[in-house]
Amino acid sequence: MPEVQALYVLSSSAVAPRNVTRFSTDSDFDVAVILDVPVKEAEWRLRPADTYALVRDRLPAWIPEFSFHLPVPWGRMEVNVHQLLFSYEADPRTTWNSDKCDAYGNKGEPLLDHGNSFGALIAHKTREQLERLENETHRLHNRITWDVREIPLRMARRVGVPTGHFVLSGALDEVVNWMYARSGRLLPNMKWKWYTLGALGLISSEQETLLIETQQCDPLSMVDLERRCEALGEFCRTAGMDLGPGAIEAVRKAYQQANHHLLGGEAAVFADRPFPRLVPFSGYDGSG
């Protein structure tokens, strides 16, 4: 069709050097159609669907529904047709999350790409996302200092043990995300996140065992919550994250100064000796 700028096979059906996903009879088939349909600058909206509504009269009538099924030897296979407008995606205001960058950059097979224009756009969006992941690494490290032990146990005492287990399960996801981010790798879709850790060699078999121990849960047991905290803390240690008191204090202070203090490292500090008071930054010259 003349409107097609690019056509990509995605996920487990794609043949791509960095694709570690596996196709099976439980898989669906993902294909992306990128259309060369003009979008005016003033028609850009944060939600893609809002822009699509504005340019509906320019879209070709042959565009299929997103999802349908085809007969295959083992029954029926779902087909998902991801539909993008090249000019909308190329707009600098359009950002791609890590999942999308990974889907196209690592798990995408181009069947058609005029002038490699969409391939160049994938590379650009991926570079932008990897730069954002550097900041995400610091955010996750800060959260992990709280969520691997302190917050789960505190919440278990405050409102009940099941809440502590729930918080710790969230910490497990934060630790996995940190493993990807600190390695400079895109975070894959949730369904592939665990498998890809091992497939990419980001964790050893011993570390995987620690993560499995963290997943196991007796939601009503405080003793089991302590056990899970210890397992996840030990994983962090083997991954090179120091969760000793001094290291935790340094990580939290650096993150707070960078993200929550208007003056960053030049903010006044609170001193409780010889009596409670705020002490202005020593480099402050009294002007302004």
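Atom-to-atom distance recorded for Asn80:CG and Asp30:CG is 5.0 Å, nearest 0.5 angstrom. To the nearest 0.5 Å, atoms OG (Ser11) and CD (Glu109) are separated by 12.0 Å. Distance check: Met241 CE to Met179 CE gives 9.5 Å after rounding to the nearest 0.5 Å. Taken to the nearest 0.5 Å, the CD atom of Glu41 stands 11.5 Å off from the OG atom of Ser87. Taking CG from Leu232 and CD from Gln215, the interatomic distance works out to 10.5 Å, rounded to the nearest 0.5 Å. The line from CG of Leu211 to CG of Leu197 is 7.0 Å long, rounded to the nearest 0.5 Å.
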Quiz item: Can Leu59 and Val37 be said to form a side chain to side chain contact (heavy atoms under 4.5 Å, CB included), step by step?
Solution: CA-CA 7 Å; Leu59 301 177; Val37 174; 4.2 Å; yes

Quiz prompt | Intermediate values then yes/no, side chain to side chain contact (heavy atoms under 4.5 Å, CB included), Ile122 and Trp96 | solution = CA-CA 9 Å; Ile122 293 171; Trp96 288 14; 4.1 Å; yes

Quiz item: Run the side chain to side chain contact (heavy atoms under 4.5 Å, CB included) check on Val9 and Val15 step by step: do they pass?
Solution: CA-CA 8 Å; Val9 175; Val15 177; over 6 Å; no

Exercise. Report the C-alpha separation of Leu121 and Tyr104 in whole Å, then their side-chain angles, then the decisive distance to 0.1 Å, and conclude whether the side chain to side chain contact (heavy atoms under 4.5 Å, CB included) test is met.
Key: CA-CA 10 Å; Leu121 180 62; Tyr104 286 94; over 6 Å; no

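Ring to ring, Phe29 and Phe23 are not that close: their centroids are 6.0 angstrom or more apart.
Although no hydrogens or angles enter the test, the distance criterion places a donor-acceptor pair under 3.5 Å between the side chain of Arg45 and the main chain of Ala42. Side chain of Asn259 to main chain of Tyr255: a donor-acceptor pair is present (N/O by atom type, distance under 3.5 Å, no hydrogens or angles). The backbone N or O of Gly105 sits less than 3.5 Å from a side-chain atom of Arg18, completing a donor-acceptor pair. Listed for the Arg149 side chain is no donor-acceptor partner under 3.5 Å among the backbone atoms of Thr145. Not a single donor-acceptor pair under 3.5 Å links the side chain of Glu128 to the backbone N or O of Thr95. At distances below 3.5 Å, at least one donor-acceptor pair connects side-chain atoms of Asn19 with backbone N or O atoms of Ala14. Although no hydrogens or angles enter the test, the distance criterion places a donor-acceptor pair under 3.5 Å between the side chain of Gln207 and the main chain of Ser204. Of the possible donor and acceptor atoms, one in the side chain of His165 sits under 3.5 Å from a partner among the backbone N and O of Asp218.
Nearest heavy-atom pair, Leu85 versus Val55, reported as atom, atom and distance to 0.1 Å: CD1-CG2, 3.9 Å. Here the closest non-hydrogen pair linking Thr25 and Trp74 is O-NE1, 3.4 Å. In this structure, Cys236 and Val148 approach most closely via the heavy-atom pair SG-CG2, 4.3 Å. Residues Ala16 and Gly108 approach most closely at CB-O, 3.8 Å, considering heavy atoms. Closest non-hydrogen pair, Cys229 versus Leu168, comes out as N-CD2, 3.7 Å. Taking each heavy atom of Thr21 and Ser12 in turn, the nearest pair found is OG1-CA, 3.1 Å.
For the pair Phe235/Ile203, a side-chain contact is recorded, criterion being any heavy-atom separation below 4.5 Å from C-beta on. Contact check for Ile144 versus Trp146: no side-chain heavy atoms found under the 4.5 Å cut-off. By the 4.5 Å heavy-atom criterion applied to side chains, Thr137 and His141 are not counted as neighbours. Under the 4.5 Å side-chain criterion, counting only non-hydrogen atoms from C-beta, Leu153 is in contact with Leu225. Between Pro71 and Arg76, the closest side-chain pair of non-hydrogen atoms is not below 4.5 Å. Between Tyr180 and Thr196 there is a side-chain heavy-atom pair separated by less than 4.5 Å. Val81 has its side chain within reach of Val33: a pair of non-hydrogen atoms, C-beta onward, lies under 4.5 Å apart. Under the 4.5 Å side-chain criterion, counting only non-hydrogen atoms from C-beta, Leu35 is in contact with Pro60.
Using a cutoff of 4.0 Å between basic side-chain nitrogens and carboxylate oxygens, Asp173 and Lys193 are scored as salt-bridged. Glu213 and Arg227 are not joined by a salt bridge, as no carboxylate oxygen comes within less than 4.0 angstrom of a charged side-chain nitrogen. Taking a cutoff of 4.0 Å between a charged side-chain nitrogen and a carboxylate oxygen, Arg237 and Glu234 qualify as a salt bridge. Here Lys100 pairs with Glu89 in a salt bridge; the nearest charged N to carboxylate O distance falls below 4.0 Å. Under the 4.0 Å criterion applied to side-chain N and carboxylate O atoms, Arg252 and Glu150 are assigned as salt-bridge partners.
Using modelled atom types and a 3.5 Å distance limit, the side chains of Glu78 and Ser67 yield a donor-acceptor pair. Judged purely by distance below 3.5 Å, without hydrogens or angles, the side chains of Arg22 and Ser27 never pair a donor atom with an acceptor atom. Looking at Thr94 and Trp44, their side chains do bring a donor and an acceptor atom within 3.5 Å of each other. For the 3.5 Å distance criterion, the side chains of Thr51 and Glu43 fail to qualify, holding no donor opposite an acceptor. No side-chain donor from either of Glu136 and Trp178 sits under 3.5 Å from a side-chain acceptor of the other. Between the side chains of Tyr8 and Asp113, a donor-acceptor pair is found at a separation under 3.5 Å.
Relative to the six-membered ring of Tyr52, Arg56 misses at least one condition, a distance below 6.0 Å or an angle of at most 45° to the axis.
More than 12 heavy atoms of other residues, nucleotides or ligands shown are found within 6.0 angstrom of CZ on Arg93. Within 6.0 Å of the CZ atom in Phe166, the count of heavy atoms belonging to other residues, nucleotides or ligands does not exceed 12.
Using a 4.5 Å cut-off between side-chain heavy atoms of Ile, Leu, Val, Met, Phe, Trp and Tyr, with links allowed through other members, Ile63 and Met1 fall into the same hydrophobic cluster. Following chains of ILVMFWY side-chain contacts shorter than 4.5 Å, one cannot reach Val167 starting from Leu140, and the two form parts of different hydrophobic clusters. One hydrophobic cluster holds both Val31 and Trp62 under the rule that ILVMFWY side chains link at heavy-atom gaps under 4.5 Å. No single ILVMFWY cluster, assembled from side-chain heavy atoms under 4.5 Å apart, contains both Leu7 and Phe66. Under the 4.5 Å side-chain contact rule for hydrophobic residues, Tyr88 and Leu46 share a cluster.
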